[in-house]
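Chain identifiers are assigned alphabetically (A, B, ...) following the order of the sequence lines, protein sequences preceding nucleic acid strands; residue numbering begins at 1 within each chain.
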Amino acid sequence: MMSTRFFRWGLLGAFLLQTALLAWMIVDRGMLLASGTEVRLSVVPVDPRDLLRGDYVVLSYEISRLNEADLNGDSGFDDGDSIFVVLESHGDFWKALAIFREEPSSGPFIRGVVNWINSSGPSCDTTGCRILDVDYGLGKFFVPEGEGRQLENLRNDQRMSVDVSLGQHGRSAIKRLLVDNKVRYEESFY
Amino acid sequence: MTNRGYRKRLSRDLPDWRAKGWLSAEGETEILASVDGRRATFGLAAIMGVLGALLLGAGVIAFVSANWEGIPRIVRFGLLVAVMAAAYGVAGTLARRDLRAFSEASLLVAGLVFAAAIALIGQTYNLTGEFSDAVLLWEIGIIAAALLTGSATLTVLTLVGAGFWTWLNVVDLEIAPHLYSLIPILIGGAISLRLGSQYARLMAVLALGFWIAINLIGFALRFDWSPFETLSVATAAALLFWASGAILVTFSRWPELAALGHDMLWPGLAAVLLSVGLLQTAIDWDATIGAYQWPMLAVAGAIIATLLAAIAYWRGGITIIDAVGAIVIGFAAIGYAYILPSDEMTARAIGGVIVLGAALWAINHGQTGPHGVGKATGLAAFGVEVIYLYVVTLGTLIDTALAFLVGGVLFIALAYGLFRIDRRLARKLAMSAEAE
């Protein structure tokens, strides 16, 4: 067992290090939200419950399901591959234009991971059709307890959208959640 | 054994030892006084303290989880950091007053509040990434705190977190084997050795066993192994675990390493018995054999276990019967899974012989081996195996009432037989000790 003096310095060191880790998490996200390029994505939410973090709305985006054949760029993606999706503005919303394995030279683009590949179903009417299910790490939006249900009701009406901030190397973070193009939640520490 | 139980036994034995001239009257008084002077390190008050700390930590996490809007998030975050600081401060004050167990409970609160703070930031910024990434960040903070403070509680928390991180990666994300999760377990194990804490060391052994088991199951599911294939590899892995412990226990120059080895013996033995016990029931699940990886892995594991058992025997850690028994059990389990008898009764009989052999091996390990580990477990396994064999073979052939009668007589006979064997072995040991 260490001496009381070393133990006290150890306690201070442990506290400072853990606080620094927490501060790093906040600064990293805060900077991405403050300085990134903003794009608006349309969503389809559902509502489960996470015991540790409270209520949240599960968000699925139009760009979460990509038909390889409809897009420019690379093809032949596998499960677990990194994917860079170049976005293009269509009125208020942004849609996928091209997909690449490597980081494209011009953007805006968002980075994701191919979860799985679907070769059948209603959106696959041609032979060799490949629908990529892509995860961007934007799948959950946390709301105060009980409010997840209200948002779930808006799901069927397709009235929800999300503003996303895009940073370097295609990193992304949810900036705000909108209902009927009006800001419903805008979350930050400050 | 508890301090009270130990004292009771000593006060019964010491007069005998004094009568035999092994120790003086002063020696007897000194020994008893030293036991009385020893303080219970983990008494009821300390247990209550730890439970209180767990409740406090759970309360803080639930508070964050409710995502209550009454207090702005920055204030909530400030509160969490303040509670963390207070918990570390209180831990320091209690340690200075020599209340080490309560100081450890306070550190437990700090570790859990740190988890709540990470959850709050994740909630604020909708960090969905992988949940396992957040757990990893928490794990890094807790490992650093355990290293800096030399706290056994934070080391235990490190190992529990490492187990949880392994689970998330192998079960939720289906990554098997997940080698990275072995790193925090090894670090936690190293800290527990440095601290000399029995609780932390036991947790390290459990975490390592859990890591092996969960990765093996994940690996088996990934390659679609049958239960036969999985359980024969599990037997080899359990023997490897036991043999590693049997070698470590011989390092008397490093008492902490020897203690770690001793703590690995029982889980290793129990895992061998459990693996072969389940292996014999695999014919009831699925008898297909087909994957190609398992024989290589199982044979490699059994060969390495053989080498380790030979080294342990050479270093005096185990007897020749322990070593040979382990080798025979390992290769018998692999052979059984590989050349599965087509006739059900033959398959059950051979499976039963392997399990009974393993149980006798464990009994012998505890009775004649230098560490006294495994006797009760072996006896229990022997009894359960006889019941199992009776139920699946004879019990299915005769009438229920008759089956109970025959069963009752059989078990009384078995209990008497085991009692006789135990007494004979004890007498033999006493005689050989007197001859020396």
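- If you tally non-hydrogen atom pairs under 4.5 Å between each of B:A145, B:G141, B:S197, B:A144 and chain A, the highest count goes to B:G141.
- Atoms CG and CG, on A:L21 and B:L137 in that order, are 5.0 Å from each other to the nearest 0.5 Å.
- Between chain A and the residues B:L80, B:V81, B:I140, the most heavy-atom pairs under 4.5 angstrom are made by B:V81.
- With a 4.5 Å cut-off on non-hydrogen atoms, B:S103 touches chain A through its side chain but not through its backbone.
- Interface residue A:L11: backbone and side-chain heavy atoms are both found under 4.5 Å from chain B.
- With rounding to the nearest 0.5 Å, the separation of CD1 in B:I121 from CG in A:D28 is 11.0 Å.
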What's the verdict on side chain to side chain contact (heavy atoms under 4.5 Å, CB included) for A:W9 and B:L148, showing C-alpha distance, side-chain angles and the deciding distance? CA-CA 8 Å; A:W9 281 110; B:L148 285 166; over 6 Å; no

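- Both the backbone and the side chain of B:I142 come within contact range of chain A, judged by heavy atoms closer than 4.5 Å.
- How far CD of A:Q18 is from OH of B:Y88: 3.0 Å, rounded to the nearest 0.5 Å.
- Within the cation-pi definition used here (under 6.0 Å to the ring centroid, within 45° of the axis), B:R100 qualifies as a partner of A:F7.
- Atom OG1 of A:T19 is separated from atom CZ of B:F114 by 8.0 Å, given to the nearest 0.5 angstrom.
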